[in-house]
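The structure under discussion appears below in the form of structure tokens.
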Amino acid sequence: MSTAWRVSVDLDRCIGSGICAGMAPGHFRLVDGLSTPLAETVDPADPVVDAAESCPVEAILVRDASDQRLIAPEP
């Protein structure tokens with residue numbers, strides 16, 4: 001299992017729905033109406049995956065920090 005994840009938001013895709021900030025407030029917030037991760041590298045956590053899976057435009061990517069394997073959203 002991965003010891004760290006990289007979280008990124010594609011700002012060209014983000015529509016600012018706020019679902020991520022609502023589901024994982026310890027990991028995302030809205031800045032100027034767009035999602036922003038609070039940290040680029042995080043410990044694995046279910047709310048991060050839930051937020052990525054719930055994003056209506058799949059703007060959030062969660063990758064394994066060691067090998068860049070996509071964790072969420074599921075392809």
Side-chain angles (χ1 to χ4, degrees):
M1 181 173 194
S2 174
T3 58
W5 291 348
R6 286 199 181 280
V7 180
S8 63
V9 175
D10 182 340
L11 297 179
D12 291 330
R13 292 184 69 130
C14 181
I15 60 171
S17 72
I19 293 171
C20 56
M23 294 188 85
H27 297 281
F28 298 94
R29 66 180 171 158
L30 293 182
V31 175
D32 295 329
L34 298 175
S35 177
T36 301
L38 297 180
E40 181 181 329
T41 304
V42 300
D43 291 331
D46 288 339
V48 175
V49 170
D50 293 343
E53 295 290 346
S54 298
C55 179
V57 293
E58 296 187 342
I60 300 169
L61 295 178
V62 181
R63 296 186 177 276
D64 186 298
S66 64
D67 63 8
Q68 297 305 309
R69 176 181 51 87
L70 183 64
I71 294 168
E74 289 189 13

Hey, could you give me each pair passing side chain to side chain donor-acceptor pair (under 3.5 Å) that has a residue in residues 20-40? Not counting sequence neighbours. R6-E40
Going by the rule side-chain contact (heavy atoms from CB on, under 4.5 Å), which residues pair with [X] if we only count those two or more places apart in sequence or in a different chain?
X: L34; value: L11, C14
X: E58; value: R13, P73
X: P25; value: none

Which residue is it: V42, L38, I71? I am looking for the one with a side-chain contact (heavy atoms from CB on, under 4.5 Å) to V7.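 The side-chain contact (heavy atoms from CB on, under 4.5 Å) with V7 is passed solely by V42 among V42, L38, I71.
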Locate the shortest heavy-atom distance separating [X] from [Y]; write the atom from each residue and the value.
X: A24; Y: P47; result: CB-O, 3.6 Å
X: I60; Y: A51; result: CD1-O, 3.9 Å
X: L30; Y: G16; result: CD1-O, 4.1 Å

Hydrophobic cluster mates of V31, side-chain heavy atoms under 4.5 angstrom, ILVMFWY only, any path? none
L70: which other cluster members, linking ILVMFWY side chains closer than 4.5 Å, directly or transitively? L61
Give the cluster check for M23 versus V49: same hydrophobic cluster or not, with ILVMFWY residues linked at side-chain heavy-atom distances below 4.5 Å. no
Counting C-beta onward and ignoring hydrogens, is there a side-chain heavy-atom pair between T41 and W5 closer than 4.5 Å?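 No - every pair of side-chain heavy atoms lies 4.5 Å or more apart.
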Note, C55 side chain near I19 side chain (heavy atom, < 4.5 Å):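 Sidechains of I19 and C55: no contact.
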Does a sphere of radius 6.0 Å around CD in Q68 hold more than 12 heavy atoms from other residues, nucleotides or ligands, not counting ones at 6.0 Å or beyond? yes
